[in-house]
Amino acid sequence: MQLLNEQEIERRKDRESLMQLGIDPYPALSYPINASAADIHKNYENRKNDYKNISIAGRLMTRRIMGSASFAEIQDSSGRLQIYVRRDDICPEEDKTLYNTVFKKLLGIGDFIGLKGFIFTTQTGEISLHVQELTLLSKSLKPLPVVKRDEEGNVYDGFTDPELRYRQRYVDLVVNPEVKDTFVARSRVISSMRRYFDDHGWLEVETPILQQVHGGAAAKPFDTHHNALDIPLFLRIANELYLKRLIVGGFEGVYEIGKMFRNEGMDRTHNPEFTSMEIYVAYKDYNWMMEMVEDLLGQIAQAVLGQTQAKVGENTIEFAGPYRRLTMFESIQEYAGVDVSQMDEKALRAVCADMGVEVDDSMGKGKLIDEIFGEKVEDHLIQPTYITDYPIEMTPLAKKHRDKPGLVERFELFVNGKEIANAYTELNDPVDQRERFEEQLKLAARGDDEAMAMDEDFLRALEYGMPPTSGLGIGIDRLCMMLTNKSTIQEVLFFPQMKPEKKVQVATDDDFIARGIHPGLVPAIRELNIHTLDQLRGQNPNKLFNDVCGKRKKLKLEAPNPTKDEVENWINGA
RNA sequence: GAUUCCGUAGCUCAGCUGGUAGAGCAUAACACUUUUAAUGUUAGGGUCCUGGGUUCGAACCCCAGCGGGAUCACCA
């Protein structure tokens with residue numbers, strides 16, 4: 001049961017009327033299509049002879065009715081096409097019902113229709129379809145927001161409320177064409193990335209989403225339970241440790257593009273489920289990986305934008321490599337003016353205090369350096385920049401630097417002040433790896449709730465031997481944000497997570513009748529804005545009695561007035 | 001999680017100092033055979049987010065809640 005507004009009631013009546021005319025509003029059929037709106041606009045001028053028998057389908061989006069002729073627009077997945085509908089063309093016989101009643105009165109904006117006819121150019125120069133045959137394919141019962149655009153492309157009655165746009169993305173996609181463009185771009189980002197990896201011979205794989213140990217990253221997981229095994233399970237926060245097991249197993253290049261789940265806060269750059277790409281290639285190190293990433297991102301930008309530059313907010317980003325490389329210590333030296341490379345924890349805390357960087361007691365040396373970096377450096381890294389050689393404490397899965405003690409071979413790629421990729425020369429020494437996990441356990445004991453958990457099976461795999469390997473992770477959503485110039489993650493996710501929509505449980509007529517209300521009085525109850533049984537229960541009996549009798553008179557209802565006792569019984573449910 | 005702004009017709013938004021709820025588009029009716037933000041005339045459409053409070057009187061003031069945006073914190 002739902003409350004219908006005026007326009008929804010009207011459309012339901014139209015649906016009934018169509019059926020009475022013998023027209024199925026939802027016919028079961030295949031409608032053959034031989035052209036799209038975009039194809040017609042692109043090719044009609046040069047190949048006019050090919051557009052004399054067009055069959056096309058789409059959603060009716062506007063109508064301009066002028067007596068016995070009308071202009072309208074339909075929208076298919078490629079765009080819009082103006083159609084010209086003339087009464088005597090679609091109704092060549094005596095009976096003009098199809099035009100006068102069906103097209104003019106019973107169809108509405110949002111309905112799917114199929115059309116046959118020929119393409120021509122109107123006096124005002126618009127390429128249009130002259131309709132000879134019209135078929136209703138699906139009736140729309142809810143009114144679409146009507147977005148108007150003038151010749152300059154100015155939008156007049158936009159569908160702009162972010163809440164409605166995200167909750168009803170289907171409507172957003174119908175009326176805001178640039179939204180569709182964003183998601184087409186997203187799809188191209190992923191497909192061009194996949195093509196790049198496949199062309200290099202690396203294998204796309206799938207690893208468990210339901211995991212018994214949530215490893216590979218520092219984050220809070222979603223937990224669930226498997227009934228048959230009676231064990232707790234977690235949605236993965238990362239897939240790194242599984243992909244490395246596959247390298248142990250003998251694959252020389254594996255990658256996975258998939259959803260990760262983190263039970264943390266949400267904002268314009270975080271959604272509880274997000275898409276990441278992780279790739280591991282054997283016999284490589286992080287220097288090789290930096291060159292690969294430059295090549296990859298240049299090619300993706302080219303595939304998505306047709307060029308390697310992207311406008312992101314105020315900035316123009318050049319994705320073609322090579323990218324600038326800075327060690328973490330160099331970057332802090334450059335942007336914060338401090339050499340932290342030789343500092344111990346105490347000295348670092350003093351530096352943080354100096355700079356007004358907030359810290360707490362659970363933070364180790366690595367975390368403190370990361371805080372300084374985040375506060376002072378990140379925002380400056382606009383053009384793609386590799387930050388390399390991180391402190392060992394904050395990177396338990398990366399190999400120790402080949403000649404810089406206390407550091408690991410890791411880089412992060414920053415673009416427009418945001419991290420979009422993270423890569424290591426992977427740690428493959430099982431003894432070192434066990435020690436690193438143990439260090440993490442100590443951090444956990446100290447209060448760091450993001451410290452990584454020990455994964456014994458992963459250690460066992462490493463003990464069998466993993467070749468030297470470089471691994472990379474890219475946040476797909478953020479990459480898409482950059483390449484589509486969007487500032488929120490919601491704009492690149494079809495269905496971003498939202499708080500539940502509050503749903504009022506509207507009572508049906510039968511619900512009211514079951515409480516003893518005379519069927520003829522239900523309209524009076526609804527007229528009083530009592531739509532749920534809860535609302536009914538909250539009524540004052542005397543007031544309700546008076547109101548119902550008043551409404552009965554006003555609405556001229558046939559049903560007899562209730563007695564006061566009856567009204568009390570409605571409320572008490574007796 | 002904190003701060004702050006917002007919630008009025010299907011959509012986009014007005015609504016003065018607290019005094020009978022408004023517009024454009026959409027919808028309905030009539031007219032109109034090349035319009036394109038079609039046009040002209042007319043009509044209907046509201047739980048002013050919800051619940052309390054103040055007041056003779058609340059869309060408006062106060063309190064609480066729900067939902068959303070922005071900023072900040074954490075994380076990718």
Side-chain angles (χ1 to χ4, degrees), chain A residues 3-11 13-14 61-73 80 82-89 99 104-105 108-110 120-126 128 130 141-168 171 175 217-220 237-238 260-276 358 360 371 374 412 418-422 449-450 473-479 481 487-490 498-502 504 526-532 535 538:
Chain A
L3 294 174
L4 300 177
N5 65 48
E6 184 193 23
Q7 296 189 42
E8 289 174 307
I9 292 165
E10 184 62 37
R11 281 163 178 261
K13 280 189 202 154
D14 291 344
M61 295 304 284
T62 67
R63 270 191 310 178
R64 296 180 286 278
I65 294 170
M66 296 161 300
S68 59
S70 302
F71 284 94
E73 280 179 295
R80 290 197 184 190
Q82 176 167 275
I83 64 171
Y84 178 57
V85 184
R86 206 160 59 173
R87 184 185 62 202
D88 296 340
D89 288 326
Y99 183 81
K104 278 170 70 173
K105 298 201 192 300
I109 288 173
F120 74 113
T121 307
T122 64
Q123 283 179 8
T124 49
E126 174 109 6
S128 307
H130 191 124
L141 295 184
K142 276 177 118 41
L144 281 174
V146 174
V147 179
K148 300 247 175 186
R149 288 176 169 78
D150 67 13
E151 283 175 9
E152 284 91 49
N154 299 314
V155 174
Y156 287 87
D157 292 290
F159 179 65
T160 53
D161 182 339
E163 179 171 5
L164 288 175
R165 287 186 48 234
Y166 301 152
R167 288 196 196 279
Q168 303 185 36
V171 175
V175 303
K220 295 186 194 83
I237 56 174
M260 304 297 154
F261 306 86
R262 298 191 183 173
N263 205 342
E264 292 169 346
M266 299 163 52
D267 61 26
R268 67 183 203 290
T269 54
H270 296 88
N271 195 63
E273 59 181 287
F274 63 100
T275 302
S276 93
E358 273 184 48
D360 67 58
E371 290 293 319
E412 289 190 317
K418 306 261 166 18
E419 181 211 329
I420 64 166
N422 181 20
D449 56 1
E450 289 169 355
I474 293 180
I476 297 292
D477 308 291
R478 289 189 182 174
L479 179 60
M481 286 167 63
S487 58
T488 70
I489 198 170
Q490 287 96 329
M498 304 280 280
K499 286 197 190 178
E501 213 172 338
K502 65 177 169 196
V504 183
R526 293 200 186 280
E527 190 69 15
L528 289 166
N529 278 326
I530 299 170
H531 296 298
T532 70
Q535 285 172 328

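Here the structure is a predicted model, which means the values were calculated and not measured. Naming: A, B, ... by sequence-line order, numbering from 1 per chain.
Distance CD1 (A:Ile65) to P (B:U35): 16 Å, rounded to an integer number of Å. The CG atom of A:Asn5 sits 13 Å away from the P atom of B:G45 (whole-angstrom rounding).
The structure places CZ of A:Phe274 at 11.0 Å from OG1 of A:Thr269, a figure rounded to the nearest 0.5 Å.
Among the nucleotides B:A76, B:G44, B:U12, the one closest to the side chain of A:Arg262 is B:A76. For A:Asp161, the side-chain atoms get nearest to B:U12 when compared with the rest of B:U33, B:U12, B:C25. The nucleotide whose nearest atom lies closest to any side-chain atom of A:Leu164 is, among B:U12, B:A38, B:C74, B:U12. In this structure, of B:U12, B:U35, B:U34, it is B:U34 that holds the atom nearest to the side chain of A:Gln123.
Of the P atoms belonging to B:C74 and B:G67, the separation is 25 Å, rounded to the nearest Å. Using P as the reference atom, B:G18 and B:U55 are 16 Å apart when rounded to the nearest Å. When the P atom is compared between B:C61 and B:C5, the two are found 12 Å apart, to the nearest whole Å. Remark: the separation of the P atoms in B:U54 and B:C62 is 15 Å, to the nearest Å. One C1' atom belongs to B:C60, the other to B:C6, and the distance between them is 15 Å to the nearest Å. Here the separation of B:A37 from B:G46, taken at their P atoms, is 32 Å to the nearest Å. Taking atom C1' on both nucleotides, B:U8 is separated from B:A58 by 14 Å, rounded to a whole Å. Comparing B:G7 with B:A14, their C1' atoms are spaced 15 Å from each other, to the whole Å.
Counting atom types as modelled, A:Gln7 pairs a side-chain N or O with a base atom of B:A26 as donor and acceptor under 3.5 Å. Side-chain N/O atoms of A:Glu6 and base N/O atoms of B:G44 include a donor-acceptor pair closer than 3.5 Å. For A:Glu126 against B:U35, a side-chain-to-base donor-acceptor contact under 3.5 Å is absent. A:Thr122 contributes a side-chain N or O that forms a donor-acceptor pair with the base of B:U35 under 3.5 Å. Residue side chain A:Asp267 reaches the base of B:C74 through a donor-acceptor N/O pair under 3.5 Å, judged by distance alone.
When the nearest nucleotides of RNA chain B are assigned to A:Asp477 and A:Arg87 by heavy-atom distance, the more 5′-ward of the two goes with A:Arg87. Residue whose closest nucleotide on RNA chain B sits further toward the 5' end, between A:Asp14 and A:Asn271: A:Asp14.
The aromatic rings of A:Tyr84 and A:Phe120 sit tilted relative to each other, their planes meeting at an angle between 30° and 60°.
A donor-acceptor pair is defined here as one N or O able to donate and one able to accept, closer than 3.5 Å; no such pair exists between the side chain of A:Asn422 and the backbone of A:Glu412.
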